[in-house]
Structure formats: structure tokens, C-alpha cells
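Worth knowing before you read on, the calculation uses all heavy atoms, side chains too, and leaves out hydrogens, waters and symmetry mates. Naming: A, B, ... by sequence-line order, numbering from 1 per chain. The model shown is predicted, which means the values in this text are computed figures rather than measured ones.
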Amino acid sequence: MRKQFTYKALRSAAIASAVAAAAMTGATAQAKDTIKVGVVSFLTGPAAGPFGVPGKNGAELIIDAINKGELPAPYNTKGFAGATMDPVYTDEAGGNSKQVAEYRNLVEKQNVDALIGYISSGSCMAMAPVAEELQKLTIMSVCGTPRLFEEKLRSVVFRTQGNAVGDSIAAARYMTEMFPDLKTYTGINQNYAWGQDSWKFYSLAMAKLDPASKASSNPQFPKIFSGQYSAEISTLSLDKAKVVHSSFWDGDIEAFVLQALVRGFFEDKKFVSVVGASAVDSLGKKFPKGVVMGTRGPYGLLTRFDRSRPLNNWFVDSYKARYGVYPTGPSYQYAKAVLYYKLGMDKAAAMAGKFPTQDEVVAALKGMEFESFGGSVKMALGGGHQAIHEVGYGITTWDKEKKAPSATDVKFYSAECINPPEGTLAADWLEQGMPGAKC
Amino acid sequence: MLQILRSDKTVRWTLFGFFVLAIAGNFMPTWVQNNLMFGMARGLAVLGLMVLWRTGLISFGHALYFGIGAYAVALADKHFGVSDIFVRLILAMGAAGFVGLCLGFILRKYRSIFFAMLSLAFSMVLYGVLVKVEALGSTDGFSVSATSILGWTPESKYTLFCAIIVACATSACMVQYYLKTGLGALTTAIRDNELRVEYLGYSVAKAIHFKYIISAALAGASGAMMAMALGQVDPDSMVNWTVSGELVFITVMAGPGSVIAPFIGGVVFEFLRTYAFELAPHAWQLIVGGTLLAIIFFLPMGLWSLLERIWVRKGSSS
């Protein structure tokens with residue numbers, strides 16, 4: 001009896017010290033019931049309404065469903081490697097330096113297991129070095145600057161969204177195919193990584209696809225979130241260029257469209273918007289017809305009523321039921337990043353035969369191919385850390401029957417048609433005339 | 001100088017306080033260390049503002065110098081690979097001090113709201129330039145590489161933490177010394193009666209100019225330390241008017257009572273914001289603003305007056 005007691009005491013002491021040791025070294029190899037994940041999006045400021053909140057809602061919806069195991073097959077396993085996710089929703093507003101401080105707080109104070117989110121390319125560029133320094137798995141969901149993985153290979157940073165290269169080349173392809181007569185173009189883009197890169201790659205692609213095309217010498221670069229564009233609209237209207245390219249997003253696209261609309265801007269110019277579909281939904285019937293509109297992937301406006309497959313239908317229906325509106329691009333993009341994290345966790349757990357460590361999850365995430373809502377995603381660039389997927393454009397119109405905005409002449413370009421192969425810089429690839437593009 | 005410093009009670013308490021903090025920092029979790037670093041760094045700029053405030057001047061544009069300091073560090077790092085803490089601090093203080101010297105010639109002629117608004121205007125000029133120019137990083141800014149000390153790059157942030165504490169302690173003592181000198185003693189005199197100070201034979205303009213340069217250099221050092229502690233600079237969190245507003249906020253919250261007050265204010269502000277952000281991600285600004293209102297209502301002389309009151313009560317009861 002006494003012997004047994006000592007044995008029991010010894011055993012529990014051993015377990016306790018093992019647990020303590022594991023906790024002290026920060027190893028998380030033992031099975032966990034819950035994981036804590038920071039979900040970062042704009043909750044205040046001009047990007048909150050059209051991007052941050054729909055993004056957060058998309059994440060919230062799918063996190064709840066995964067925690068309960070309610071996603072359609074084959075994603076209907078419960079939890080993330082069996083663990084329930086406890087999301088910590090955080091605001092992305094306030095500037096990069098503040099975000100770096102908040103990132104450190106999430107990792108070091110709140111002890112999150114991973115981070116999902118970030119909309120602005122500025123946030124992503126600023127967060128990647130901190131993520132590498134603290135070695136914390138970070139899945140970026142929306143931001144688009146190609147610099148993120150072209151400047152440096154990252155070890156714990158992933159991005160499930162295709163970058164500005166694909167969006168811009170697809171836009172250029174669409175314009176040269178649909179409007180070959182419009183040879184001159186100008187642009188209005190926000191003066192930061194995303195806007196600068198979007199314009200750069202659009203002009204590079206146009207120069208290659210249609211050597212007779214000509215860029216204006218005076219493209220506009222206002223500050224992000226400035227909201228007032230009367231001077232820029234005047235300059236663009238006076239410019240002889242027929243096409244106006246824009247990568248505006250957040251509240252800026254709505255402000256621009258409303259201010260330009262009253263001046264008859266859209267009758268004079270062919271407007272190409274890379275990511276303005278959120279404004280089409282929020283402005284509804286007021287949004288001008290005939291605008292070339294992109295969604296940065298197979299979702300939102302362009303594919304709302306087709307691409308019928310269980311996961312997509314489930315997402316659109318549950319989102320509409322829960323939030324009263326259709327999901328927009330950021331909703332899909334956040335949900336996609338969460339789904340990717342789940343797949344990585346489950347795969348790593350299956351390979352390791354136990355609850356996976358971060359290194360095992362990173363290895364599982366690297367180079368993964370998976371079916372998302374509207375189409376497949378390949379983690380093909382940046383050493384298996386950067387996604388490529390198809391990108392489409394259409395022309396805005398108003399659907400009288402459904403009483404909803406819709407798009408005509410929708411065309412999708414495959415991932416390999418608009419992205420360079422791994423190891424080639426996008427600018428070099430365009431310079432060489434896009435060798436090996438499969439369209 | 002040493003005589004004054006040695007006999008001064010505030011200096012002794014400051015040095016003791018900072019020393020204790022440096023030791024305690026070693027046992028704190030990283031996030032507390034980080035918040036303390038940010039709070040201290042901001043406190044240094046507030047120290048400069050406090051010197052101006054004692055003269056009756058409020059600057060709504062010290063983000064200009066804060067930003068110059070931060071960008072001096074970031075640009076020197078990007079173009080010349082400068083990572084040494086001493087070079088970084090000297091560069092930042094030099095650049096900020098020089099701009100302060102130039103602008104001081106204009107600003108020293110103005111008082112009250114005109115002084116505040118004109119300094120705001122200058123800071124927004126820098127903001128506009130940074131945002132427009134792609135070579136200066138536009139709204140993205142730059143990341144800043146790790147800081148080294150005389151060729152040695154420490155593994156943990158604790159070394160930087162101690163370095164920041166040393167810099168803050170030194171600055172606090174220097175300012176305390178300055179306030180005791182003849183020129184420094186003019187501070188409150190100018191606020192109370194400028195004309196009389198002129199009759200006494202001092203140049204008010206020169207005295208204000210000198211204080212302005214001190215506060216600019218301190219804000220420059222503050223920005224540099226912030227850039228090093230964060231590893232990132234960008235116009236919205238370093239140069240925008242909201243940053244000037246935050247500095248004034250901390251100045252008012254801390255109170256003009258002592259050279260230690262700005263650091264206490266800075267640290268309190270940092271923790272307040274961290275917790276507000278965590279508890280109410282949708283409305284954290286409301287909590288921060290509400291706290292300032294409460295402090296203005298109940299503690300018009302700032303947090304420092306609260307400490308003073310406790311101090312006096314203890315003294316009288318024993």
C-alpha cells in the first residue's frame with residue numbers, strides 16, 4: 001500500500017515536472033484543448049467598413065463552424081488538429097509602428113499560438129520582420145505587395161492571397177483583349193507599397209502585351225485614406241488617356257467613385273478597378289455601369305451566383321443568414337486563411353501522430369495545394385509561402401431581376417497565366433515577355 | 001555642476017528610481033519590458049515639452065522632432081548601415097536640434113495658440129513630404145535593424161532597455177541641472193511676466209529659443225529610441241499630428257511637477273493604451289480619452305500631484 005503510494009507520488013511528481021519543463025521551454029507538443037490565435041483586421045477608421053469588418057466576419061463565421069465541426073465535407077473534422085480556436089480580434093488601425101507594438105503584445109503578452117490577418121500591404125511589410133524575429137507563425141490574408149516574398153524568403157510567414165503581380169497582369173490581359181482600341185492609359189493609386197506596385201506591374205504588363213499602348217506621364221498618387229480627390233479627378237479628366245487604372249480599396253474607392261460620378265467621369269473614361277468590388281456592393285444601384293472590375297480571386301461580385309460547390313454555397317448562405325449581406329472579397333480572404341491554417345494543423349497532426357509543434361505546422365503549410373471556396377489555391381511562390389490562384393475581371397451592371405449588382409463578360413485567368421514561375425522576379429519575368437505563361 | 005547635482009534631492013531620487021527599474025527589468029516578461037521602453041522613450045520627448053510648458057508654451061508640433069529622430073535612425077540604417085546606439089542617438093539629437101535651432105528663430109516670436117499652431121504647421125509639412133516621397137518610404141516607412149553597442153549586437157532586448165534607461169536618467173538629471181541654473185530659473189519667470197524679465201536684463205527670445213532647442217533635441221532622442229525599440233518607423237505613428245497630440249496628452253496627464261513625472265506619464269500612457277486596446281478593440285480611443293478627461297477634472301496638476309499629495313500626507317502623519 002505504502003509502496004503504491006510512493007509510486008503514485010513519484011509518478012505525479014514526474015508528470016508535473018515534465019509539464020513544468022515543457023511550459024518553461026515553450027514547447028507545445030502535448031495535446032491542447034484550445035489554441036489562441038490573433039485575428040487582425042481594421043476595426044476602426046476608413047478601412048473598417050468595407051474591408052476590416054467583412055474580413056473579421058468571414059473569419060468569425062468559419063472559426064465558429066470549424067470549432068463545431070459544421071463545415072461541409074471534406075472539411076468537417078472538428079477543430080484545428082482537434083483543438084478549439086479562441087480568436088483574439090485586434091484592430092489594424094493606427095499606423096505600422098503601433099501595429100508592431102501590438103504584434104509584440106499579442107505574442108509576448110497574450111501568448112497567441114499564431115496570427116491570421118492583415119489587410120494593408122504596409123502592415124504586412126512591417127509585421128514580417130517582427131514575425132521572423134519572434135518566430136511566430138503568421139498567415140497574411142489580404143495584403144498584396146509582391147515585395148513581401150520577393151525581397152526576402154520568410155520562414156514563418158505565409159500569404160494565402162495572390163499578389164499585385166497577378167492582379168495587374170490579369171487586368172492588362174483583360175483590357176488588351178476586351179478593349180484593344182483603347183491605347184492610352186493613366187492611373188490613380190495610393191502612394192504606398194500596394195498602389196505603387198499595382199501601377200508598376202500594370203504598366204509593365206501593358207507595355208509587353210500591347211507595345212502600341214502608351215502610359216500617361218502624369219499618373220496620380222494621393223495618400224492612402226485621404227478621402228478627397230477633386231484635384232486628382234480634374235487632372236485625370238484633363239489627361240488625354242482613355243483608360244484610368246486604379247488599385248483603390250477601403251473607403252477611398254467609394255469616396256472616389258462618388259466624387260467622380262457627379263462630374264461625369266465614368267462617361268469619358270474607361271475605369272479599371274483592381275479591387276473595388278466592395279464599393280459595388282455598398283453603393284448598389286448608384287455604382288456606375290461599364291466599369292471594369294476585379295475581385296482579386298474567384299469570389300464576390302464576379303462569382304456570386306455560379307461556382308456552385310458545397311463549401312462555396314455553405315459560405316455564401318451562412319454569411320448572408322448571419323450578417324444580412326453577401327460576403328465580399330475580404331470575407332472570403334479571411335475565411336480562406338483560417339481554412340488554410342486548419343488544413344495545415346490537421347495535416348501536421350496526422351503526420352506527427354500527436355498535437356503538432358509550430359515547426360511541424362510550418363512544414364505542413366509549405367507548398368500546400370487546397371480547394372478553397374471558389375477555386376483551388378497553390379502555395380507556389382516564395383519557397384512555398386506565397387499563394388497563386390486564378391484572378392478574374394468583369395464589367396459592372398445592374399441585375400434588374402435579382403435587384404443586385406452584377407457583372408458581364410467575366411473572364412478568369414489561370415494562376416500560371418498571370419504569375420511568374422518560382423525563383424523569377426516578377427519584373428524580370430515581365431521584361432522577358434512572360435515566358436512559360438500557360439493561359 | 002557636480003556639486004548641484006549631488007546636493008539635489010530630485011536627482012538622487014531619479015537615479016535611484018531608474019537604477020531599481022533597470023534591475024527589475026531583468027525579471028519582467030518581455031512585453032512589460034517593451035511597454036516600459038516605449039513609455040520611457042516617449043517620456044523623454046515629454047520632458048522637453050514640460051520645459052516649454054513651464055514657460056507657458058505648448059507645442060502641438062513636437063512630432064516633427066520625434067519623427068526627425070526616428071527617421072534619422074531609419075535612413076542612416078538603410079543607406080549607411082549605421083546600427084550603433086551612440087551614433088544613432090547623436091545623429092537623431094543633432095538633426096532634431098539643428099532643425100529646432102533654425103525654426104526657433106521664427107517660433108520664438110510667438111506665444112500661446114500662435115506658437116502651438118505654427119509648430120503644428122511645421123510638423124505637418126514634414127508629414128506631407130514623408131507621405132509623398134517614395135524614396136522616404138511614403139506611408140509604409142521602413143523597418144530598422146537591431147541596435148548594436150560598440151560593435152556588439154546583444155541577443156535580448158534587455159541591453160537596449162538598460163541603454164534607454166541610462167539615456168533617460170542622464171537627460172532627466174541634465175534638465176534638472178538646467179532648471180537650477182540662471183537661464184533655467186527664468187522658465188517660470190517668463191511665464192509670469194515677460195516684460196519684467198526683459199527689464200531685468202535678460203533676452204526672453206533667447207531664453208525661449210534655447211529651451212526650444214533643448215526640447216527639440218530631447219524629442220529627437222525620444223524618436224530615435226522609439227525607432228530602435230520598435231524596429232519600425234512610419235509617418236502615421238511618428239510624425240502625424242496625433243503623435244504631437246499624444247505627447248501633449250502625456251504632458252498634461254503627468255503634470256509639470258518634476259523631471260520624473262514625464263517618465264511616469266509615458267509608462268502609464270503605454271499601459272493604459274495596451275489594456276484599452278485589448279479590452280475594447282472597437283473603442284479603445286474612448287477609454288484613453290476618458291482617462292485624460294478624468295485626470296483633468298480630478299487632478300488638474302497631473303499624476304505627479306497625486307504622488308506629491310501622498311508624500312505630504314505621509315510626512316505630516318509621521
Side-chain angles (χ1 to χ4, degrees), chain A residues 38-45 48 52-53 56 88-111 120-130 132-134 143 145 147 151-152 190-197 200 221-226, chain B residues 28-35 37-39 41-42 66-67 70 74 127-128 130-134 136-146 155 157 223 226-227 229-240 242-243 246 270-271 273-278 280-286:
Chain A
V39 179
V40 188
S41 73
F42 285 97
L43 300 178
T44 63
V53 173
K56 184 205 151 204
V88 184
Y89 296 106
T90 311
D91 190 5
E92 193 182 330
N96 294 346
S97 307
K98 181 162 175 302
Q99 281 309 308
V100 171
E102 288 312 322
Y103 187 100
R104 288 184 189 281
N105 268 335
L106 278 171
V107 174
E108 289 168 343
K109 177 165 184 289
Q110 307 224 39
N111 292 313
S120 166
S121 291
S123 317
C124 289
M125 286 305 288
M127 247 34 74
V130 202
E132 294 294 312
E133 182 199 323
L134 301 175
C143 57
T145 177
R147 295 177 213 178
E151 279 182 3
K152 227 180 225 169
Q190 293 147 332
N191 192 13
Y192 80 116
W194 162 251
Q196 293 155 1
D197 290 341
K200 177 180 150 194
F221 284 99
K223 180 188 170 294
I224 184 174
F225 302 147
S226 52
Chain B
M28 290 170 185
T30 333
W31 73 269
V32 178
Q33 264 186 31
N34 273 330
N35 269 3
M37 273 199 282
F38 304 152
R42 239 186 262 276
F66 190 79
Y127 179 73
L130 287 178
V131 160
K132 286 267 155 62
V133 181
E134 202 178 329
L136 293 175
S138 60
T139 40
D140 295 333
F142 307 111
S143 54
V144 178
S145 69
E155 276 287 302
K157 277 260 164 114
M226 201 57 147
L230 268 175
Q232 172 77 25
V233 300
D234 75 291
D236 275 309
S237 2
M238 299 285 184
V239 199
N240 203 1
T242 49
V243 182
E246 274 166 14
E270 213 57 53
F271 279 93
R273 196 162 71 164
T274 305
Y275 278 103
F277 203 76
E278 195 179 312
H282 289 274
W284 56 276
Q285 293 99 331
L286 209 67

(message) Under 3.5 Å, is there a donor on one side chain and an acceptor on the other for A/E108 and B/N34?
(response) yes

(request) Check whether the side chains of A/N191 and A/Q196 place a donor and an acceptor atom closer than 3.5 Å, and report yes or no. (result)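 The criterion, which ignores hydrogens and geometry beyond distance, is satisfied for A/Q196 and A/N191.
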
Does any heavy atom of chain A fall under 4.5 Å from the side chain of [X], the backbone, both, or neither of them?
X	result
B/T30	both
B/V233	backbone
B/M226	neither
B/E270	neither
B/N240	neither

(message) Please classify the contact between A/Q190 and chain B as side chain, backbone, both or neither, with a heavy-atom cut-off of under 4.5 Å.
(response)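 Nothing of A/Q190, per the 4.5 Å heavy-atom cut-off to chain B.
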
(request) Please identify each residue that fulfils salt bridge (Lys or Arg N to Asp or Glu O under 4.0 Å) with A/E151, with sequence neighbours left out. (result)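 So A/E151 forms no salt bridge (Lys or Arg N to Asp or Glu O under 4.0 Å) with any residue.
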
(request) Could I get the full list of ring-ring contact (aromatic ring centres under 6.0 Å, His included) partners for B/F142, not counting sequence neighbours? (result) none

(message) Taking the side chain as everything from C-beta on, heavy atoms only, tell me whether A/R104 gets closer than 4.5 Å to B/Q33.
(response) no

